[in-house]
Amino acid sequence: MIALLDGNNFYASCERVFQPRLVGRPLVVLSNNDGCAIARSEEAKALGIKMGAPWFQIRHLEREAGLVALSANFELYGDMSERMMSLAAGLGHRQEVYSIDECFVDLDGIPGDLALRARQIRTRILQWLGIPTCMGIGPTKTLAKLANHIAKCAERKPGSYPPHHAQVCHLGAMTEGERNALLAATEVGEVWGVGRRLGAQLRQAGIHSAMDLARADPATVQRRWSIVLAKTVRELGGTACLDLDDIPSDKQQIACTRSFGQPVTEAHELAQALSTFAARAAHKLRAQNSHAGQLMAFIRTSPFRKQDPQYSAYRICPLPEPTSDTALLTQAALAVLRAIYRPGYHYAKAGVMLLDLQSASAQQLRLALDEPGEGASPAGPPRERSRLMQALDSINQRHGRGTLQLASAGTAHPPQPARWTMRQERRTPGYTTRWDGLAVAKERA
DNA sequence: TCTGGGGTCCTAGGACCC
DNA sequence: TCTGGGGTCCTAGGACCC
């Protein structure tokens with residue numbers, strides 16, 4: 001059996017832990033730049049706020065319905081996530097952290113009543129961390145996901161499923177008839193791996209519920225759609241096709257892209273933004289001990305501003321040899337910028353992607369046929385560069401991101417807000433991640 | 001005025017190989 | 001009339017996930 005645990009309205013729940021006054025009130029967490037709603041409390045959902053709703057379209061609810069909106073505080077959510085995952089790991093022997101608020105746990109070899117155990121872990125996470133969760137248990141990942149969906153709906157939407165499945169739903173501990181009834185009551189679009197497009201196509205083909213899909217012929221599904229969907233069909237039938245991935249593999253690409261707080265027109269502003277993004281991506285790259293063989297950078301105007309002239313361009317820059325050096329990657333990003341920048345546009349977004357990633361420990365060195373020093377890098381001897389990057393990372397780790405950076409990323413210290421930096425007007429403190437953000441239990445008199 | 005960010009996997013088709 | 005056979009690698013685009 002496999003369990004899937006996820007945090008309810010995770011970002012909103014994280015904020016409520018430190019601001020209990022928000023409990024019971026409609027609450028949304030906004031994307032970067034306070035652009036749109038990316039998490040909603042149950043009360044906010046009840047107001048009809050959709051996932052991804054632009055803030056400017058729903059902000060009237062602040063006044064009319066007491067809606068509270070906060071800027072996303074990803075540092076806090078990441079830290080809360082780690083705490084939740086370490087508690088969830090107690091469920092079984094192997095855990096796959098699937099996203100910031102979800103994990104699969106392998107329950108094979110765990111004796112006793114699994115649903116009871118799940119409820120105990122759930123209670124512990126609620127008590128120790130303050131985050132409400134739901135759990136689904138099933139013989140495959142897809143069924144565990146489905147069970148989790150049922151557990152959530154049974155709790156929130158009375159009448160959708162039998163109430164005893166609320167919070168914890170164990171598909172492996174019920175009769176076939178009971179399980180089939182639950183699958184038949186579930187829209188096919190709710191199945192993991194069925195998105196909007198596939199959902200519409202399946203309904204057109206007369207497949208409306210999860211039960212219909214489970215009963216479909218995998219070979220036919222594979223011919224008509226894809227092997228991915230055929231696996232989903234088998235998984236719904238109880239045959240495991242997706243392994244638990246408990247040892248995360250290295251990323252194949254690393255990106256840092258941002259929408260700007262305000263439109264940007266000048267090349268030097270874009271250069272500062274791209275420098276910052278390249279440095280951040282390079283840091284992630286070093287964290288997984290990889291090198292990048294290629295770098296992609298792009299700049300673009302806003303597709304939402306239809307009255308403005310539109311421009312979007314990117315270029316891929318092959319690197320002379322794979323590297324994770326911030327200076328070399330920044331150089332490449334700025335070279336791309338020089339090639340694609342056109343004056344006269346209101347740029348709204350830019351980004352850097354690192355591609356062709358490979359292990360740093362198995363590096364293919366360049367054969368230096370026509371160069372003075374063997375293996376010489378334009379920035380200096382590779383080993384010293386590597387130590388320089390280690391020093392950079394440890395200083396920034398200790399004193400905070402942006403303490404030490406390249407001059408091309410901006411020279412003001414502390415870094416000043418610029419047109420390209422994010423708007424985050426409603427950000428809460430780093431309650432668990434910064435000394436100056438510690439929650440105050442009681443003010444001194 | 002105002003619309004997020006970061007990933008994965010699969011497929012079809014073309015280039016190229018012997 | 002008749003135009004091989006079998007394979008790999010790469011890329012762009014589509015679909016999905018949270």
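Here is how names work: the chains are called A, B, and so on, in the same order as the sequence lines, proteins then strands, and each is numbered from 1.
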Separation of A:Leu146 atom CG from C:dC17 atom C1', in whole Å? 16 Å

Rounded interatomic separation in angstrom, taking CD1 from A:Ile254 and C1' from B:dT8: 14 Å

Would you call the rings of A:Phe74 and A:Tyr11 parallel, tilted or perpendicular, taking 30° and 60° as the class edges? perpendicular

Between C:dC17 and B:dG4, how many Å separate the two C1' atoms, rounded to a whole number? 15 Å

Looking at every non-hydrogen atom in both residues, tell me the closest pair between A:Val352 and A:Ala278 and how far apart they are. CG2-N, 4.0 Å

Please round to the nearest 0.5 Å and tell me the distance separating atom CH2 of A:Trp225 and atom CG of A:Leu202. 5.0 Å

Have a look at A:Ser226 and say if it touches a base, only the backbone sugar-phosphate, or nothing, with a 4.0 Å heavy-atom cut-off. nothing

Structure string for DNA chain B in dot-bracket form, Watson-Crick and G-U at under 3.5 Å, | interchain: ....||||||||||||||

A:Gln252, nearest nucleotide to its side chain (from B:dG6, B:dC9, C:dC17): B:dC9

B:dC9 phosphate, OP1 or OP2: any side-chain N/O from A:Lys231 under 4.0 angstrom? no

Where A:Leu213 and A:Ile207 come nearest, the two heavy atoms and their spacing: N-CG2, 3.6 Å

The reported gap from OH in A:Tyr345 to CG in A:Asp308 (rounded to nearest 0.5 angstrom) is 11.0 Å

Does a side-chain N or O from A:Lys50 land closer than 4.0 Å to OP1 or OP2 of B:dT3, or not? no

Return the minimal non-hydrogen interatomic distance between A:Leu67 and A:Ile58, and the atom names on each side. CD2-O, 4.0 Å

The nucleotide from B:dG7, C:dC16, B:dG4 with an atom nearest the side chain of A:Ile38 is B:dG4

When you measure from the side-chain N and O atoms of A:Gln262 to the phosphate of B:dT1, is any distance below 4.0 Å, counting only OP1 and OP2? no

Charged N to carboxylate O under 4.0 angstrom, A:Glu75 versus A:Arg434? yes

Need to verify one output field. Residue with the more 5' nearest nucleotide on DNA chain B, A:Arg305 or A:Met353? A:Arg305

Charged N-O contact under 4.0 Å between A:Lys152 and A:Glu102: no

Specify whether A:Phe104 and A:Tyr98 have parallel, tilted or perpendicular ring planes, treating 30° as the upper limit for parallel and 60° as the lower limit for perpendicular. perpendicular

Under the criterion side chain to side chain donor-acceptor pair (under 3.5 Å), which of A:Arg16, A:Glu15, A:Glu43, A:Glu42 is the partner of A:Asn9? A:Glu42

C:dC18 C1' sits how many Å from A:Lys145 NZ, rounded? 8 Å

In this structure, how many angstroms lie between the P atom of B:dG6 and the NE2 atom of A:His283, rounded? 15 Å

Whole-Å gap separating C1' (B:dC10) and CD (A:Gln222): 11 Å

5'-most contact on DNA chain B: A:Lys284 or A:Ser31, nearest heavy atom basis? A:Ser31

Base, sugar-phosphate alone, or nothing: which one does A:Arg258 contact when heavy atoms must sit under 4.0 Å apart? sugar-phosphate

Counting heavy atoms from C-beta on, name the nucleotide in B:dG6, B:dC10, C:dC18 closest to the side chain of A:Thr257. B:dG6

Starting at CZ of A:Arg423 and ending at P of B:dG5, how long is that distance when rounded to a whole Å? 11 Å

For DNA chain C, which residues in residues 94-106 of chain A have a heavy atom at a distance below 4.0 Å? A:Tyr98, A:Ser99, A:Asp101, A:Glu102

Would you call A:Arg59-A:Glu425 a salt bridge at under 4.0 Å N-O? no

Just to be sure I understand the rule, does A:Leu30 reach a base, reach only the sugar-phosphate, or reach nothing, if contact means heavy atoms closer than 4.0 Å? nothing

A:Leu198 side chain, from C-beta outward: closest of C:dA15, B:dG6, C:dC18: C:dA15

Looking at B:dG6, B:dT3, C:dA15, which one has an atom nearest to any side-chain atom of A:Arg197? C:dA15

Report yes if a side-chain nitrogen or oxygen of A:Ser259 is closer than 4.0 Å to either non-bridging phosphate oxygen (OP1 or OP2) of B:dG5; otherwise report no. yes

Quick check for you: among B:dG7, B:dG4, C:dG14, whose closest atom lies nearest to any side-chain atom of A:Phe304? B:dG4

Grab the CZ-C1' distance between A:Arg224 and B:dT11 for me, whole Å please. 18 Å

